[in-house]
Amino acid sequence: MYIGHVKDTPEKDTGFEGVTIRWLISPKVGARNFAMRYFVMKKGSEIPIHQHDWEHEIFVVKGEGYLTKDGKNWFKVVPGSYIYIPPNEPHGYKNEDSETFEFVCLIPAKKEAIPEDEWVE
């Protein structure tokens, strides 16, 4: 068993201005099937439309944000919202309104999805 707290987990840069990630659960702590990440998007930040060959499961914890599949139609999500993004589906995020938009995101534990430093050494 592994127990931690989000505040004790290092906050890392994502490469997108105003967006950080915390790897809560990853292969580094023994997880073999899934990884759990915690994102914080500051007001005015955006993760551009992209896609992967793995699915995402998302749960909104704090703030309000917007998700899109095409960059034209945006869907508002609020705390308690959950989202499933199938493999290869384009998706993007933005925070226009809240001080922070925070969400948990689960992905499969695949080499191409997880940074090298989150794997068992």
Quiz item: Which pair of heavy atoms, one from E89 and one from I85, lies closest together, and at what distance?
Solution: O-CG2, 3.9 Å

Exercise. Grab the two heavy atoms, one from P27 and one from I114, that are nearest each other, plus how far apart they are.
Key: CD-CD1, 3.8 Å

Quiz item: Is the shortest distance from a Lys or Arg side-chain nitrogen in D117 or K28 to a carboxylate oxygen in the other one below 4.0 Å?
Solution: no

Quiz item: Taking NZ, NE, NH1 and NH2 as the nitrogens, is one of them in E118 or K12 under 4.0 Å from a carboxylate oxygen of the other?
Solution: yes

Exercise. Locate the shortest heavy-atom distance separating A35 from W23; write the atom from each residue and the value.
Key: CB-CZ3, 3.9 Å

Exercise. Quick one: name the residues clustered hydrophobically with V40, using the 4.5 Å side-chain heavy-atom rule over I, L, V, M, F, W, Y, and just say none if it's on its own.
Key: Y2, V6, L24, I25, V29, M36, Y38, F59, V61, Y82, V104, L106

Quiz item: Taking NZ, NE, NH1 and NH2 as the nitrogens, is one of them in E11 or R22 under 4.0 Å from a carboxylate oxygen of the other?
Solution: yes

Quiz item: When you measure from the side chain of T100 to the backbone N and O of E102, does any donor-acceptor pair fall under 3.5 Å?
Solution: no

Practice problem: Would you give the length of the straight line joining atom CD of E17 to atom CD1 of I47, rounded to the nearest 0.5 angstrom? | Solution: 13.0 Å

Quiz item: Is K94 atom NZ crowded by more than 12 heavy atoms from other residues, nucleotides or ligands, each under 6.0 Å away?
Solution: yes

Self-check item: Check ion pair K43-E96 (N to O, under 4.0 angstrom)
Solution: no

Quiz item: Transitively linked via ILVMFWY side-chain contacts under 4.5 Å: I107 with W119?
Solution: yes

Quiz item: For G71 and W74, which heavy atoms make the closest approach, and how far apart are they?
Solution: O-NE1, 3.3 Å

Exercise. Check ring-ring contact (aromatic ring centres under 6.0 Å, His included) between Y66 and all other residues, then give those that pass, not counting sequence neighbours.
Key: none

